[in-house]
Every structure is written in structure tokens, then in C-alpha cells.
Undergrad: 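A single structure is presented below for examination.
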Amino acid sequence: MRLSRYFLPVLKENPAEAQIVSHRLMLRAGMIKQAQAGIYSWLPLGFKVLRKLENIVHEEQMRAGHIPMLMPTLQSADLWRESGRYDDYGEEMLRITDRHGRDMLYGPTNEELITDIFRSHVSSYKDLPMTLYHIQWKFRDEIRPRFGVMRGREFYMKDGYNFDLTKEDALHAYNRHLVSYLRTYERMGLQAIPMRADGGPIGGDYTHEFLVLAETGESEVFYDSEVTDLSFGDRAIDYDSVEQCQAVLEEFTSRYARTDETHDEALFNEVPEDRRRVARGIEVGQIFYFGTKYSEAMGATVQDRDGKPVPVHMGSHGIGVSRLLGAIIEASHDDKGIIWPEGVTPFHAGIVNLKQGDEEADAACETLYAALEAAGLEPLYDDRNERAGGKFATMDLIGLPWRITVGPRGLKNGVVELTSRRTGESEEMPPEEAVKKLVKIYEGHLVKGL
RNA sequence: CGGGCUAUAGCGCAGUCUGGUAGCGCGUCCGUCUGGGGGACGGGAGGUCGUAGGUUCGAAUCCUGCUAGCCCGACCA
């Protein structure tokens, strides 16, 4: 993309309404624009990152054997009356009436809808196990939306639902989700720690939340410092293996790690004192096993081997995709702007032409731009007739992890400059070598965007 | 929902107390010079002052209602 043809309305000053750093940076980097309290338009740069996150989620869900689909945002109130949640959910649910006076709602979640689909089409234990998921906009009429996309009223969420014949099978689905979530967050450059959580209105005894540590997090968290040493890495895993998934769950959840909701001071004190940590975290996902709560209420049964109808065991699992943008920025920025992890960056490298209009510099930038695209990377070429300082400041603000600086001075010696946004370190090299180096850096990090 | 606050140009703000032709910085447009970390000079464009009503010869300014947004708290991906 050439910056001169892109739409990137960056702001030099901090908008008054934004208090936390991720919100400020998203506004300043021209990623979002507030439409109403807790409702945002996604401008091109923000939309590009959102799509990349979404695609990572899809890839990891499908890798785990889960099946993508799409359910509507508007749902029928009758389904929710059936589960009993139409009254339970309260003011947070946005209720709508259509022209015929029928009660509808903008879905805050999809347990009812998915259960209805399941019961209409699945009747045999032979069709199980099955896990369906979708990524769709949700609406929860929060009393007080804030922090930009971190607590919007409208938000983009992946929610998945597993259907299993037995509790044991459903718990394997639970473990499988935990593993796939660990992989998902790591690909996004995040450390998200699974912590024992509270069931909330969705209910259920087995539930973990995934928390990203950040000072601006809304939850207070208590953990054994050993949990932050764990990483899933690129180990191979068989998602169908009960033992392997169980082992990962034990590895990642056996140490003390809880949010304030479930915090137990006595248990926490059993952690050696030098490893006890109290911090704040941003919740970016949650997994539940809730047994037959919805299947019984809504008659979602299958016939077992003996031909008898039995309610299926279910769980649900969510990742707050739009919230992840805020969480990633909270976890990865400095006073100049965002620092995108390689896995989610909207563009892989920025090209800064120091002397736009200089024949040699322009030509070198064009060649470099074409070479990066040919190599499968997405460069952002700042071809505006701006001064160097302005171009650098924009690149730093929008946070591309790598920058190639092209100027007459370097070109005299046949070199350009490759700079890491994270460390600020620069290295001079011929343009072809910079391309090679970037290709290597992004190996395994390429995600389809827009 | 309880408590606090705000609304004036795309963004950040002054002007309101004490009513009298709506301003500044940034951005933006044009021109000249400049050119390795938001440069300089000159010239432009852009606002029914959130909204409805009231007081007044005259309202951004005073009064009343409404709306929207922000912050702290309790709730949530």
C-alpha cells in the first residue's frame, strides 16, 4: 500500500475522551472512530488488524477440529424465554420490537440459537462430538462503556459451542479449547494466562479466563510467578488425544492463578512468598463447561446406543476479538506509539523515502516495494512529500515492527537501513538483503489480511 | 444506577464570571524556500458556539428543559 493512496487519518494530539493508552493510540493511529458510546467504526488500519486477528482465530479453531459457521446478530426472544434467560439477562440485553410487535434482541451471546440449530438437525450419538463456532458482532448494553474497544457495547467475539455425549467427552473438548486458545494468543504475541474464574450468568463449574497482564487491566489477578515462565511454543499436539490435551491443561493450570472473583488467600499463601504476584489483567477469553443446562431446558437430546434420548453435554468458549486489539496495544507500546507483534501487524514493513521526488530514491523505493510484495509481504510505502521527521513519527505511531529507510546518502553506498521498531536498532544493508531478512523474520507469521 | 464534570473549526483549547462584529495552536489548501526525527515565511478555506425555549435593543456568555460524551464506583468478552 502506498500511503499517499491510503486512508490513515493520524492525529498529532491526544483526543480528550481517551484516557487509557490503547484507546489513545488507536484513535491517534487512525484505527477507529467513535460512533456512539461504546460503538466504533473501524477505519482501514484498525479493520486490517481486526481481520488478521480474526483469521488467526479461524486458523487455530479449524486446526483444533472446530467447525466455522455464522449466526445472525438479531435473535428471537422466544428462544431466550425457553432457556429462561430472557428475564435473567436484564438491562444489559438490547431488546427490539419489529413492525409486527414481535420481541427480538441483539444477541449478547448465542447458546440458545446454537442449541436450537443443534436440536433441529442432530439426533444420534454418532454425530458427536461436535464443536461449532462463529465470529460475530455482539451487543451488551453496558452501564458504562469505556476504554475504547476494550469495553465497548458492540464488540466482535468468537464464540464456540461443543456438544458431547458424556461429561468426559465434554471435558476433553474443554481441554482442547484451552490448548487451542494458548496457541491462538501466542501467535498474536500475547501471553494470556489461564486463571480459574467464576461462572457468571452463563453458569458452570468448570471455567477458566485468559488474562493478559497489563497495568490498565480491569481485573486484579493473583498468581505464582512460575506461570509466566510457561509457553506453548510450536510443539506438535494431537487435538484428538485426551492425554495430550489433559497434560497441557495440567501444565498450565496446576499453579496458583486466579482473578479477584475466585481468589483464595489461604491457598495463595501456600505459594512461596518470592513467587507470589499481585497484578492487573485484561480478560481476553473464557472457556466453560456447563453440562446439560441448556440442552435440558431446550430439549437438545441425542439417542444413545440403546435408542434412549439423553441430553448432550455442552460447553461454550469465547475470545473477545475486538478487545484483543486494545489488549495487544496495552501490552506492546512505548511513548512514541504502538509496537505490533509480527503475527498481527497490519503491514509487515514500512518504507520511508527520505527524499520524495529524488529520482534515485524514488526508484529504489519502487524496486523495494515491488520486491517485498513479490515475496508475499505487505509493505506500507510512505511516498508522501513530507519531511523525514514526519514520516518517522507516523511510522512509530502506527507501530509497524520493521522500517526500511531509503535516502540518497545510503544509496550512494548501495545500502538502505533496516530498523526494528521494538529495539530501535538499525542496520545498513543492500536492499535485496533487507528483503531476504524480512522474509526470514516473517516465516510462520504470515496471516491473510485485507 | 449513585457521585463528579464537559459540550465553541477535523484535533487540542481560550473566550462565559462582568452580554456588544467568534479567537489561538495543530492539522488542512495555495506559493516560495527547505530536506536523515513533526522546519521557516507569506496567503487562504473552514464554526447557525450540542439542542429547544426564555430574558434582553442585543446571548457562546444569563435562566429553564432536553440530548450527547467523559471520569470515579458497583457489573461484564
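We name chains A, B, ... by the order of the sequence lines, and we start the count at 1 in each one.
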Undergrad: Quantified in whole Å, what is the C1' atom distance between nucleotide B:rC13 and nucleotide B:rA9?
TA: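 About 12 Å, rounded to a whole number of Å.
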Undergrad: Strictly by Watson-Crick or wobble contacts shorter than 3.5 Å, is anything paired with B:rU56, and which nucleotide is it?
TA: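 B:rU56 is paired with nothing.
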Undergrad: Reckon A:Gly285 touches a base, only the sugar-phosphate, or nothing at all at heavy-atom distances under 4.0 Å?
TA: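 Contact class for A:Gly285: sugar-phosphate only.
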Undergrad: Rounded to whole angstroms, how far apart are CD1 on A:Ile39 and C1' on B:rG69?
TA: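 It works out to 13 Å between those atoms.
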Undergrad: Base, sugar-phosphate, or nothing: which does A:Glu417 touch, judged by heavy atoms less than 4.0 Å apart?
TA: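 The answer is base, as A:Glu417 lies within the cut-off (heavy atoms under 4.0 Å) of a base atom.
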Undergrad: Does A:Glu215, at its CD atom, have more than 12 non-hydrogen atoms belonging to other residues, nucleotides or ligands within less than 6.0 Å?
TA: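 Incorrect, the count does not exceed 12.
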Undergrad: Could you give the distance separating B:rA22 and B:rG46 at their P atoms, to the nearest angstrom?
TA: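 It comes out at 15 Å once rounded to the nearest Å.
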Undergrad: Work out how far the P atom of B:rG47 is from that of B:rA40, and round it to whole angstrom.
TA: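 About 27 Å, rounded to a whole number of Å.
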Undergrad: Taking the same atom, P, in B:rA60 and in B:rG42, what whole-Å distance lies between them?
TA: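 Going atom to atom, P in each nucleotide, I get 32 Å.
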Undergrad: To the side chain of A:Arg144, which of B:rG36, B:rC70, B:rG73 is closest?
TA: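 Selected nucleotide (nearest to the side chain): B:rG73.
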Undergrad: Is the ring pair A:His66/A:His177 parallel, tilted or perpendicular, if the boundaries are 30 and 60 degrees?
TA: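 Parallel.
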Undergrad: Suppose we define a pair by two distances each less than 3.5 Å, Watson-Crick or G-U wobble; what does B:rU6 pair with here?
TA: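 Pairing partner, where one exists within any strand: B:rA68.
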Undergrad: For A:Gly152, which contact category applies under a 4.0 Å heavy-atom criterion: base, sugar-phosphate, or nothing?
TA: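 It contacts base atoms.
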Undergrad: Is any N or O donor-acceptor pair between the side chain of A:Arg28 and the base of B:rG27 shorter than 3.5 Å?
TA: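 Per atom types, no contact qualifies.
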Undergrad: With a cut-off of less than 4.0 Å, is there a side-chain N or O of A:Lys12 near OP1 or OP2 of B:rC26?
TA: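 Result: no.
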Undergrad: Atom CZ of residue position A:Arg422 - does it have more than 12 heavy atoms of other residues, nucleotides or ligands inside 6.0 Å?
TA: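 Atom CZ in A:Arg422 is crowded, with more than 12 foreign heavy atoms closer than 6.0 Å.
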Undergrad: If we take the C1' atom in both B:rG12 and B:rC70, what is their distance in whole Å?
TA: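 Going atom to atom, C1' in each nucleotide, I get 15 Å.
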Undergrad: Just name whichever nucleotide pairs with B:rU61, Watson-Crick or G-U, keeping both distances under 3.5 Å, else none.
TA: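 By the stated definition (distances under 3.5 Å), nothing pairs with B:rU61.
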Undergrad: Side chain of A:Pro15: nearest nucleotide among B:rC1, B:rC75, B:rC11?
TA: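 Of all the options, the side chain of A:Pro15 is nearest to B:rC11.
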Undergrad: Among the nucleotides B:rC72, B:rC11, B:rG69, which one has an atom lying closest to any side-chain atom of A:Arg146?
TA: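 When the side chain of A:Arg146 is considered, B:rC72 is the closest of B:rC72, B:rC11, B:rG69.
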Undergrad: Calculate the interatomic distance between A:Asp335 atom CG and B:rG37 atom P; express it in whole Å.
TA: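 Atom CG in A:Asp335 sits about 17 Å away from atom P in B:rG37.
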Undergrad: Report the residue (A:His23 or A:Gly390) whose heavy-atom-nearest nucleotide on RNA chain B is the more 5′ of the two.
TA: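 This one resolves to A:Gly390.
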Undergrad: Name the residue closer to the 5' end of RNA chain B, choosing between A:Arg403 and A:Ser219 according to the nucleotide with the nearest heavy atom.
TA: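 Closest to the 5' end, via its nearest nucleotide, is A:Arg403.
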Undergrad: Would you measure the distance from the C1' atom in B:rU48 across to the matching atom in B:rG39 and give it in whole Å?
TA: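 Between the two C1' atoms, the distance is 38 Å.
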Undergrad: If we call it a pair only when both distances are under 3.5 Å in a Watson-Crick or G-U wobble match, what pairs with B:rU32?
TA: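 Partner of B:rU32: B:rA40.
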Undergrad: Please evaluate the base of B:rG37 for a donor-acceptor partner in the side chain of A:Asp396 within a cut-off of under 3.5 Å?
TA: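 Counting by modelled atom types and ignoring angles, a donor-acceptor contact under 3.5 Å is found here.
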Undergrad: Quick one: A:Ile404 CD1 to B:rG36 P, roughly how many Å, whole number?
TA: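 Rounded to the whole Å, the gap is 20 Å.
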Undergrad: Nearest of B:rC70, B:rG39, B:rC76 to any side-chain atom of A:Glu17?
TA: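 The listed nucleotide nearest to A:Glu17's side chain is B:rC70.
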Undergrad: Any donor-acceptor pair under 3.5 Å linking the side chain of A:Ser219 with the backbone of A:Val221?
TA: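 Looks like no, no N/O pair under 3.5 Å.
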Undergrad: Which part of the nucleic acid, if any, lies within reach of A:Val352 when heavy atoms closer than 4.0 Å are counted: base, sugar-phosphate only, or nothing?
TA: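 Result for A:Val352 = nothing.
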Undergrad: Identify which nucleotide among B:rC13, B:rC1, B:rG36 has an atom closest to any side-chain atom of A:Ile143, counting heavy atoms from C-beta outward.
TA: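 Taking heavy atoms from C-beta onward, the closest nucleotide is B:rC1.
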Undergrad: For A:Glu386 and B:rG38, what is the distance between atoms CD and P respectively, to the nearest whole Å?
TA: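 My rounded result for the distance is 12 Å.
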Undergrad: Work out how far the P atom of B:rG58 is from that of B:rG2, and round it to whole angstrom.
TA: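 Comparing P positions in B:rG58 and B:rG2 gives a spacing of 39 Å.
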Undergrad: Just how far, in rounded Å, is C1' of B:rA74 from CD of A:Glu261?
TA: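 Taking atom C1' of B:rA74 as the reference, CD of A:Glu261 is at 13 Å.
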Undergrad: Could you state the CZ-P distance from A:Arg421 to B:rG37, rounded to the nearest angstrom?
TA: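 It works out to 17 Å between those atoms.
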Undergrad: Report yes if a donor N or O on one partner sits less than 3.5 Å from an acceptor N or O on the other, where the partners are the side chain of A:Glu13 and the base of B:rG27; otherwise report no.
TA: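 No.
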Undergrad: Considering only distance and modelled atom types, tabulate donor-acceptor pairs under 3.5 Å from the side chains of residues 390-401 of chain A, sequence neighbours left out.
TA:
unit_1   : atom_1 : unit_2   : atom_2 : d
A:Lys391 : NZ     : A:Asn353 : O      : 2.7
A:Lys391 : NZ     : A:Gln356 : OE1    : 3.0
A:Lys391 : NZ     : A:Asp382 : O      : 3.1
A:Lys391 : NZ     : A:Arg384 : O      : 2.8
A:Thr394 : OG1    : A:Gly390 : O      : 3.0

Undergrad: Is there a Watson-Crick or G-U wobble partner for B:rA74 with both distances under 3.5 Å, and which nucleotide is it?
TA: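 B:rA74 is paired with nothing.
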Undergrad: Round to a whole Å and report the spacing from CG of A:Asn385 to P of B:rU34.
TA: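 Answer to the nearest Å: 13 Å.
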Undergrad: With heavy-atom distances below 4.5 Å as the criterion, would you say the side chains of A:Arg255 and A:Leu230 are in contact?
TA: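 Heavy-atom side-chain distance check passes, below 4.5 Å.
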Undergrad: Scan A:Ala393 against the nucleic acid and name what it touches under 4.0 Å (heavy atoms): base, sugar-phosphate only, or nothing.
TA: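 Contact class for A:Ala393: base.
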Undergrad: Under 6.0 Å from the six-membered ring centre of A:Tyr294 and within 45° of its axis: does the NZ or CZ of A:Arg85 meet both?
TA: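 Judged by the rule (NZ or CZ under 6.0 Å from the ring centre, within 45° of its axis), A:Arg85 is not positioned above A:Tyr294.
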Undergrad: Taking salt bridge (Lys or Arg N to Asp or Glu O under 4.0 Å) as the definition, give me every residue that meets it alongside A:Glu209, ordered by chain and number, with sequence neighbours left out.
TA: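 Checked A:Glu209 against salt bridge (Lys or Arg N to Asp or Glu O under 4.0 Å); zero matches.
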Undergrad: Check the phosphate of B:rC72 against A:Gln19, side-chain N and O only, distance under 4.0 Å to OP1 or OP2. Yes or no?
TA: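 No, no such contact exists.
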Undergrad: Quick one: look up who B:rU21 pairs with, Watson-Crick or G-U, both distances under 3.5 Å, and put none if it's unpaired.
TA: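 Check on B:rU21: unpaired, no WC or wobble geometry under 3.5 Å.
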Undergrad: Scan every strand shown for a Watson-Crick or G-U wobble partner of B:rU48, both distances under 3.5 Å, and answer none if you come up empty.
TA: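 Here B:rU48 is not engaged in any pair, so there is no nucleotide opposite it.
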Undergrad: If you take all heavy atoms of A:Gly424 and A:Thr419, which pair is closest and at what distance?
TA: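 Of all heavy-atom pairs spanning A:Gly424 and A:Thr419, the closest is O-CG2, 3.9 Å.
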Undergrad: Which nucleotide, B:rG69, B:rG36, B:rC76, lies nearest any side-chain atom of A:Arg323?
TA: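 The answer is B:rC76, which lies nearest to the side chain.
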Undergrad: For the pair made of CG in A:Asp358 and P in B:rG35, what is the distance, rounded to whole Å?
TA: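 The distance from CG of A:Asp358 to P of B:rG35 comes to 13 Å, rounded to the nearest Å.
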Undergrad: Take atom C1' in B:rG27 and the same atom in B:rG65, then report the distance between them in whole Å.
TA: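 37 Å, rounded to whole Å.
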